[in-house]
Each structure stands twice: as C-alpha cells, then as structure tokens.
Colleague: 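The structure's right below; bear with me while I get my questions together.
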2 protein chains.
Amino acid sequence: MKLTVRYYDLDASEPVVLMHDDDCAAIGVKENDRVSITSIKSTVALVTCSDTLVEKGVIMMPRPVMDKCAAREGDEAEVVYASKPDSVRSIRRKMDGEKLSREEIESIVTDILDNKLSKIEISAWLTALYINGMDIDEIADFTKAMAHTGDMIKFDRHPVFDFHSFGGVPGNKITPIVVSIVAAAGVMIPKTSSRAISSACGTSDFVETFCNVEIDVDSLKRISEEVGGVFAWGGGMNIAPVDDLVIKIEHPLGINPRAQMLASIMSKKVAGGAEYLLVDIPTGAGTKVPTIEEARVYARDIMDLGEKLGIHAECAITYADQPVGSAVGPNLEARECISILEGAKHPASVIEKACDCAGIILDMAGIPGGAVKARELLDSGEAYKKFMEIVVAQGGRPDLKSDDLKPGKYSESIVATKPGYVHSIHNKDVVAIAKAAGAPNDKGAGLLIFKKKGQRVEAGETLFTIYADNEAKLRRARETAMRYPPVEIEGMLIKRVSSVNVRK
Amino acid sequence: MKLTVRYYDLDASEPVVLMHDDDCAAIGVKENDRVSITSIKSTVALVTCSDTLVEKGVIMMPRPVMDKCAAREGDEAEVVYASKPDSVRSIRRKMDGEKLSREEIESIVTDILDNKLSKIEISAWLTALYINGMDIDEIADFTKAMAHTGDMIKFDRHPVFDFHSFGGVPGNKITPIVVSIVAAAGVMIPKTSSRAISSACGTSDFVETFCNVEIDVDSLKRISEEVGGVFAWGGGMNIAPVDDLVIKIEHPLGINPRAQMLASIMSKKVAGGAEYLLVDIPTGAGTKVPTIEEARVYARDIMDLGEKLGIHAECAITYADQPVGSAVGPNLEARECISILEGAKHPASVIEKACDCAGIILDMAGIPGGAVKARELLDSGEAYKKFMEIVVAQGGRPDLKSDDLKPGKYSESIVATKPGYVHSIHNKDVVAIAKAAGAPNDKGAGLLIFKKKGQRVEAGETLFTIYADNEAKLRRARETAMRYPPVEIEGMLIKRVSSVNVRK
C-alpha cells in the first residue's frame with residue numbers, strides 16, 4: 001500500500017511509525033507489529049495504530065526511520081506487512097525453557113543492538129532469562145556474542161590483568177588503589193569501570209572528580225602499556241555496547257538475570273583483552289549477593305566461564321554487610337581513596353580490602369608475597385607514585401591532593417539518641433540517603449559514617465554526616481535518613497546465656 | 001526541579017515525557033523511570049532521556065499528559081522522581097514464582113487499565129504469567145478483577161445462558177446458528193463475540209456483513225430480553241476493557257498465557273451476567289488446543305473456575321483437525337451460515353457442530369431432547385425465524401438472503417495435480433491464505449474448500465477457490481497457497497498390512 005511520508009518528532013528509542021487504524025487494517029498489521037517501508041531504500045519499523053494522531057493515507061516516521069529508507073517529507077512509500085525477526089522465535093523458546101543454540105543467542109544479541117527488537121520483546125527476553133536461566137555453555141556463547149557487538153582491544157604488552165567488583169556495597173572505592181599497587185609491581189592492569197546504575201557512586205563517578213575518565217581505546221592502550229594501568233570509564237568506549245541497551249530495560253524491572261549479569265561482566269573482559277581476572281564478590285545483606293552460598297555459586301560460574309573464554313579467572317568473596325570505609329559519594333570517596341594512597345592509615349577496611357585484592361592479583365602474576373607485598377607497595381609510596389602517573393596520564397593535575405576534594409557546602413550530622421553499640425548499618429538505606437542528597441550527579445553529595453558495626457556510641461555522638469550541594473537535597477536526604485535510619489544501635493547485652501555475656 | 005512544558009506529538013500509547021540527559025541526571029531518573037509532574041494538577045509519566053530531541057530545562061509531553069497535569073505550552077512544571085507503582089513489585093513476585101494475593105492481582109489489573117504500567121512492565125508480567133502460571137484461586141481473582149474494570153450487565157430476565165468458542169479453527173461460523181436455535185427454544189442467550197485477533201475471520205467479522213454488531217449494553221439487554229438472543233460485538237462495549245490493552249502486548253510476543261486466556265474468557269462472562277455457560281474447545285493440529293489431553297485440562301479448569309465465579313459451566317471438546325464447513329472469510333462464512341438456517345443440508349460438519357452445541361445448552365436449560373430437539377428447531381424453520389428477528393433487531397434487512405453475500409470479484413481455483421484422497425487440511429495455512437487475500441478487512445476475501453479430509457480427488461478437480469476484492473491480494477494469496485499448500489493428498493493405500501488395505 002502507498003502511503004505519504006510525514007516527519008514525526010517522536011520517541012527515538014524504538015523505530016516506531018504511526019499509521020491510521022484503517023490503513024493498518026488494510027495492510028493487516030496490529031499495534032506493535034512490523035511494516036516494511038520502501039522509499040529509495042527499505043527499512044522495517046514497529047507500528048503504532050491511531051485514528052486521531054494521523055490521517056488516513058499517511059505514515060508518520062521519526063528521523064532515524066526516514067533516514068533508513070531515504071524518504072523525505074511528502075514522498076510516497078510502499079508499506080507492507082513485515083514478519084517478526086527469527087530472534088522472536090528464539091525468545092519464545094527461552095520462555096518455554098529450551099536451551100538456545102549459539103546462532104540463536106547471536107541473533108538475539110545482534111537484533112537488540114540493531115534496534116530490531118521492541119522494548120516489549122526485550123522485556124520478555126530478560127524476564128524469560130530471569131526465570132528460566134541459561135546453562136554455562138549458553139552463557140559462554142552469550143558472553144562472546146555480546147563482546148563481538150563492539151570493539152575488541154588487542155594489547156601489544158602481555159600478560160593483561162583485570163579486576164572487577166560486583167556492585168552493591170556502598171563506599172567501595174578500592175579500584176584506584178588496587179590498580180596503583182598492581183601497576184607499581186610491574187603488572188599491566190587496564191581497568192575500565194562503570195558509573196552508578198542503581199548505586200550512589202560508581203568507580204567512574206568518583207574518579208572523574210580528579211582526572212578524566214572518558215578516554216578512548218587508543219589512549220587506554222597507550223597509557224596501560226606505558227604506565228601499567230588506567231582507571232577509565234568503559235561506557236565511553238565501544239566495548240560490548242549492547243549492554244547499555246539491555247540495562248535500559250532491566251532497570252525499570254529491577255531485575256538483573258544471572259546469565260545477563262555474568263555475560264555482561266565477562267563480555268567486557270573478553271572485549272578488553274583480559275587474560276587474567278580477579279572478581280571481587282561483595283557479600284552481605286543489601287548487596288547483589290546476600291549469602292556466602294550464593295557467592296560460592298557465582299565464583300564457580302565465573303571460573304568455569306573464564307575457562308570457556310580463555311581467561312584465567314579467580315574470585316574473592318568479600319565482607320559487605322556494611323559500607324566499605326567511611327565515605328560514600330563522589331568527592332568524599334575520592335578524598336578517602338587518595339588519602340590512603342598518600343599514606344593515611346585508616347579506614348582499615350579500605351586498606352585491607354585493597355591490599356587483599358591486589359595481593360591475589362600479584363599471586364596470579366607469580367610475584368611472591370601477595371597481600372604483604374601489596375601492603376609494602378602501598379606503605380612505601382610506590383603505589384602513590386604509580387597512582388599519580390596514571391592520574392597525570394589521564395589529564396589530572398600533577399599537584400593533586402586528597403584535600404582538594406571538598407564535600408558539599410550543606411551538611412547535617414545525625415547523632416545517637418542513646419548509648420550502645422552499632423548493631424548494623426543498612427547498605428540500602430545508606431545508598432538511598434546519598435542519592436537523595438544528590439549523588440552521584442552532585443559531586444559534593446554523600447555521607448561520612450563515623451561509627452561502624454560493633455563500635456561503642458555515646459548519646460549525642462555523631463553517627464554520620466550528610467553532605468549536599470544544595471539545601472533542598474540536604475533536606476530530602478535528612479528526611480530519607482529519618483524514615484530509614486541506616487545505623488542501628490543496640491545495648492551490648494543482647495542475650496544472657498547462663499552467666500556469660502554474648503559479645504557481638 | 002522546574003522545567004518548561006512543551007507539547008510533543010508523540011506515541012500516545014504510553015504516558016511518556018522527553019527530558020534532557022542532564023535534567024534526568026539532576027533529578028536522578030534514568031530512561032523508563034517515572035517522574036511526578038506538577039503544574040495545576042499532578043500526574044506521573046515515564047521518562048525518555050535524550051540529548052538531541054529536547055533542550056535542557058524543557059520537558060516535552062504529549063496531549064494526554066498535559067491534560068492530566070493541566071499544563072499548557074510554556075508553563076513551568078515541578079518535576080521530581082516518582083517511584084514505581086507497587087504492582088511492579090507484585091510482577092516481580094510472579095517472576096519469582098510466588099502466588100499473588102487478590103489485592104496484588106487487582107492492583108496489576110487496575111494499573112494496566114489506568115495506563116500506569118509501561119509496555120516493558122506489562123510484557124514482563126505476561127512473560128512471567130506464561131512461564132510461572134497461576135493456580136485456580138489466582139485465576140478466579142484475576143477474572144473478577146478484569147470483569148470489574150468495566151460495566152457489569154444486570155438482566156431482568158433469567159436465567160442467562162452464554163456460549164463461547166476458543167478460537168483457532170477456521171470457518172467456525174456456528175455462533176449465529178447456536179444462538180438462533182437456543183433462543184427459538186425460549187432460552188435467553190445474549191451472546192457477544194470478538195473480531196479476529198490472529199485468525200482470518202472472527203464471528204463479529206462475518207456477522208457485521210449482514211447486520212450491525214456494534215450495539216450498546218442497553219440495546220443488548222433490550223434485544224436479548226425481548227427476542228431471546230443477540231450476536232453482538234463485545235469489543236464495542238465497556239466489557240472487561242483491560243483485555244484489549246493486554247492483547248496489544250500479547251500479540252507481538254505471540255503468547256497467550258493460560259491464566260490470561262481463561263481470565264479473559266471468563267471475565268467477559270462474569271461482566272455479561274452469564275449464569276450458565278457452554279464453552280466449545282476446538283481441538284486439533286493448528287488450533288490453540290492441539291491435543292485431547294490439553295483440552296481436558298482446559299475443560300476441568302473452566303468448570304472449576306465457573307464454580308468459583310458462580311457460573312454453571314460445561315465444555316464441549318470438538319473436532320478441529322480441519323476447518324469447520326467449506327467457507328472461510330467474512331462474506332463466504334456469512335453465506336454458508338445463513339444458507340444452513342434457510343434450510344441447506346450441507347456442509348454437514350457445520351450443522352452437526354451447531355446442533356450438538358445448541359443441544360447441550362438446551363439440556364442445561366432442562367429442555368428435553370438435546371441435539372435432536374436442536375435439529376428439529378433448525379429443520380422446522382423455527383431457528384431461521386428467530387435468526388431473522390435478531391437480525392432485524394440488530395438493524396439488518398428483513399429480506400436478507402444468503403445469496404446477498406457475495407464472494408470477492410477476483411478468484412482463482414487450485415486444482416489437484418494427481419488423484420488420491422485428501423490426507424489433511426492445515427488450519428494455519430488456510431488462515432494464512434485467507435489473510436493474504438485480505439480477510440477479515442476485505443469482506444469478499446477468503447476461500448471455499450471443496451474437498452475435505454478423506455474425500456477422493458481426481459487429477460484436475462478443484463480443491464479450493466480463493467476469493468479477493470482486488471487483484472494484488474489475490475496474487476499474494478495464491479503465492480501463499482503455492483508456498484504452503486493447505487490441502488495434502490495421498491494415495492488411498494497408505495500402508496499394506498498382510499493382505500488388508502488400511503482405510504483412512
């Protein structure tokens with residue numbers, strides 16, 4: 001059927017055209033079906049039917065669809081029914097609990113990347129993946145398919161080490177410390193990180209407060225090979241780009257199917273050229289991995305998957321029942337991170353976690369001493385020297401000091417109303433408060449936590465201080481803190497067993 | 001945050017607003033999150049983030065969203081992050097295989113109807129329903145929730161009988177015959193039907209060729225109580241309207257989750273005031289219910305569900321390995337249907353199925369004789385008289401004759417290339433050909449099938465004739481028929497067992 005093309009300034013996240021109900025009926029398409037549109041060139045688009053937004057005989061299309069069929073306003077286009085891509089059938093097979101072939105998985109990944117699947121179809125795919133899962137062979141195929149949607153980095157220097165931390169625990173600012181220690185030991189570690197998805201502050205969100213994280217693949221390769229490491233933002237490169245499209249659908253559903261999560265992590269490592277990989281799995285209430293049992297299963301999967309992908313992978317299951325260190329939020333985390341590299345001896349939890357992780361990587365690299373060696377490199381200032389080399393290579397100031405990073409101008413301290421011991425700190429509430437204060441977008445926003453689990457608190461002592469860049473957000477963060485108190489205090493005496501006090 | 005309102009002529013099937021990436025980051029929303037927008041009034045909308053389609057400081061919204069917050073072009077609106085509706089958490093629980101409470105099911109149904117759930121969320125819901133299912137209590141709650149989204153018809157005349165046929169078998173034109181026989185016996189049967197969803201011709205698609213099917217609830221009630229029956233289009237009334245919104249998401253996925261299918265059928269019966277119900281379950285290859293075992297499970301579910309809903313339900317499992325009768329397509333089916341009421345003695349399959357179904361209903365109504373009585377009412381012309389009363393009450397011509405209904409002007413007959421017996425007729429291919437010919441939108445489009453399963457065919461004899469209202473569609477239908485031949489012929493001798501010929 002011939003229809004007249006009109007430009008339509010609509011939601012460009014899907015290739016949707018608007019057609020009159022009568023024309024849809026004549027062609028035999030229904031809402032969310034597809035049509036093939038031929039002007040000078042041909043393309044396929046999804047249909048929205050309306051009897052008010054568009055006249056009969058007209059097809060309204062957004063700019064990307066016009067470009068694809070090389071049509072201009074007022075042109076006539078031939079519009080016919082188009083069948084669904086074959087990948088929809090594979091999605092149906094996953095709904096039915098079937099194992100998918102490599103070709104099927106590749107076609108789903110490619111069709112998502114090429115914008116050939118609708119939000120409805122991608123949502124069904126992720127839901128089926130969440131419920132029915134994938135076995136390790138499927139996940140390996142999925143990982144490779146995702147990796148090959150973008151650039152594949154090839155290093156001239158070997159071996160290539162990498163490090164990844166599952167998200168979920170607030171204040172986890174160890175990455176620049178780990179990278180600096182490892183690179184100081186002469187081991188190349190080109191580390192890319194992400195920004196916050198649902199957390200208060202991703203690694204790139206705080207690293208960008210003191211140097212440029214948006215570097216391209218060539219710079220990443222050059223700096224890594226010359227200096228030994230980077231802490232770059234992976235999202236700015238064309239590394240497994242399909243992941244970003246998937247996250248847009250996962251996020252509103254609040255799901256992260258296991259197969260998708262593993263393929264997402266590992267595809268970036270495959271594309272990034274990693275040969276050795278340490279994965280940190282923070283485990284505890286309010287993180288992505290609440291129990292040790294689940295962490296063990298993830299660890300097993302990652303190592304198996306690594307084997308299938310030609311990456312030697314090891315895992316560290318780390319304590320994450322409360323935030324890592326004291327600071328949560330971009331400037332606050334950057335300050336804490338740099339101060340440790342400068343020589344500060346606290347917070348001990350950050351130093352220990354960073355040295356333990358770096359130590360495992362040194363072990364993998366055959367450098368004797370592990371965590372002890374890592375601590376030496378930190379204490380001796382070698383790691384700090386390497387850190388500054390990387391910062392400068394990424395465009396940071398050579399005279400950078402931790403004190404340059406300032407918390408937000410507006411602050412409020414929350415004090416204990418009764419004495420006792422800190423019984424728990426709720427990760428999710430800490431994240432909610434930091435986000436309410438404006439993190440990760442407002443760089444000064446966040447919290448400093450002064451009392452951690454097991455510490456004694458007197459009535460009137462400060463538990464934590466909230467920082468914000470503006471007053472309204474500080475108020476909002478305070479309200480969040482009042483509604484969901486993140487720090488729980490109890491008396492020391494939890495339960496008396498005969499005459500022995502049980503200590504927390 | 002204050003943003004300036006601009007009108008945006010976009011896809012109105014979801015309440016989507018367009019905001020600049022920087023404003024999204026400042027508010028803390030991501031693509032497909034929600035914002036609360038306050039101008040004179042308040043509303044919630046989904047967010048699409050862009051750094052090209054919209055300027056910083058501006059929020060672009062379609063007419064329905066502007067109306068809901070009573071904003072005009074150029075107004076300032078306060079835009080803040082809005083959390084997901086609670087029903088999203090219930091959808092998550094169904095993904096996790098949990099049993100949902102009545103309140104949870106109601107909130108999902110209401111939020112779909114109120115346009116509060118996105119396509120992504122509804123797709124996840126249907127996928128979870130498809131995979132994890134519902135137990136009979138959940139389906140009963142789901143049915144009631146769906147029924148209460150629209151009008152509830154209350155009849156003054158009782159008892160109220162109803163009839164429903166699962167779709168899937170082409171040529172199933174029995175509904176007007178069943179209704180006419182039952183009403184002729186003095187039993188009230190206010191029957192509403194649907195148009196084709198994925199089939200070539202729904203009941204309303206062929207009934208509307210000879211009378212008006214778009215009647216309102218008051219007319220339905222009046223005609224039913226006065227004349228004894230109707231054959232109206234249910235889609236034009238406000239009966240369980242949420243179903244139409246769900247179909248738009250089910251259709252592109254090609255799924256019809258069992259729980260959704262049952263609730264969809266039964267909610268219309270609950271809202272329609274039915275007290276007694278016969279459900280016809282066409283069973284056979286290429287229908288919704290391929291095997292007798294599956295049909296039995298559906299029958300059990302429908303009867304159990306009826307009990308929980310206060311409807312006495314019975315089921316007829318009917319033979320559906322091939323089309324019912326000879327005609328497929330609006331005018332062709334109408335002609336065949338009316339000719340039987342006028343006294344034609346074939347196709348026998350239509351007459352038998354209609355009389356069997358009507359017979360069960362008469363049994364349920366306590367009228368002795370069942371199918372024999374039904375056949376008497378058809379043969380005596382009583383059913384025809386009642387049929388014409390209903391047609392006239394629905395605005396049809398009092399001098400209606402079956403021959404008034406004309407097949408399409410363009411036709412082509414497909415002949416057998418070898419002699420033999422018809423081994424099978426593929427329902428799905430028949431549907432595909434009729435749709436390619438233009439059915440159900442083009443009223444003359446469809447097929448007449450001359451040879452059914454088991455019949456002898458000589459080389460050169462016509463198997464079926466395709467009709468279309470225009471030449472291009474006839475060509476398209478012929479191509480479909482060549483690619484997917486719907487009639488399969490084999491020699492009589494299928495397999496010789498000792499010296500006895502095995503007869504099909």
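The basis for the numbers below is simple: all heavy atoms, side chains too, and nothing from hydrogens, waters or symmetry mates. Below, read A as the first sequence line, B as the second, and so on, with proteins coming before strands; counting in each chain starts at 1.
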Colleague: Which residues pass the side chain to side chain contact (heavy atoms under 4.5 Å, CB included) test with B/Arg93, not counting sequence neighbours?
Modeller: B/Glu98, B/Leu100, B/Glu104
Colleague: Measure from NZ or CZ of B/Arg258 to the centre of the six-membered ring of B/Tyr130 and say whether it is under 6.0 Å with the direction within 45° of the ring axis.
Modeller: no
Colleague: Determine whether a donor-acceptor pair (N or O, by modelled atom type, separation under 3.5 Å) exists between the side chain of B/Asn32 and the backbone of A/Lys248.
Modeller: yes
Colleague: Report which part of A/Asn132 has an atom under 4.5 Å of a heavy atom belonging to chain B: side chain, backbone, both, or neither.
Modeller: side chain
Colleague: Considering only heavy atoms and a distance below 4.5 Å, find which of B/Ile122, B/Ile27, B/Leu126, B/Asp96 pairs most often with chain A.
Modeller: B/Asp96
Colleague: By number, which residues in residues 81-91 of chain A have some heavy atom less than 4.5 Å away from chain B?
Modeller: A/Lys84, A/Val88
Colleague: Taking every non-hydrogen pair under 4.5 Å, which of B/Gly438, B/Gly254, B/Ala436 racks up the most with chain A?
Modeller: B/Gly254
Colleague: Taking C-beta and beyond as the side chain, do A/Ile255 and B/Met95 meet within less than 4.5 Å on heavy atoms?
Modeller: yes
Colleague: Check whether A/Ala196 gets within reach of chain B through its side chain, its backbone, both or neither, counting any heavy atom under 4.5 Å.
Modeller: backbone
Colleague: On a heavy-atom basis, which atom in B/Asp469 and which in B/Gly408 lie closest, and how many Å separate them?
Modeller: OD1-CA, 3.4 Å
Colleague: Determine whether a donor-acceptor pair (N or O, by modelled atom type, separation under 3.5 Å) exists between the side chain of A/Glu14 and the backbone of A/Lys119.
Modeller: yes
Colleague: Please check this pair: side chain of B/Glu250 against backbone of B/Asn256, looking for a donor-acceptor N/O pair closer than 3.5 Å.
Modeller: no
Colleague: Who among B/Gly28, B/Ala26, B/Ala439 has the most heavy-atom pairs with chain A under 4.5 Å?
Modeller: B/Ala26
Colleague: Could you measure the distance from the CG atom of A/Asp51 to the NZ atom of A/Lys56? Nearest 0.5 Å is fine.
Modeller: 11.5 Å
Colleague: Sort out for me which of A/Glu121, A/Lys473, A/His251 touches chain B most, counting heavy-atom pairs under 4.5 Å.
Modeller: A/His251
Colleague: State plainly whether the residues B/Glu208 and B/Arg195 are in salt-bridge range, i.e. N to O under 4.0 Å.
Modeller: yes
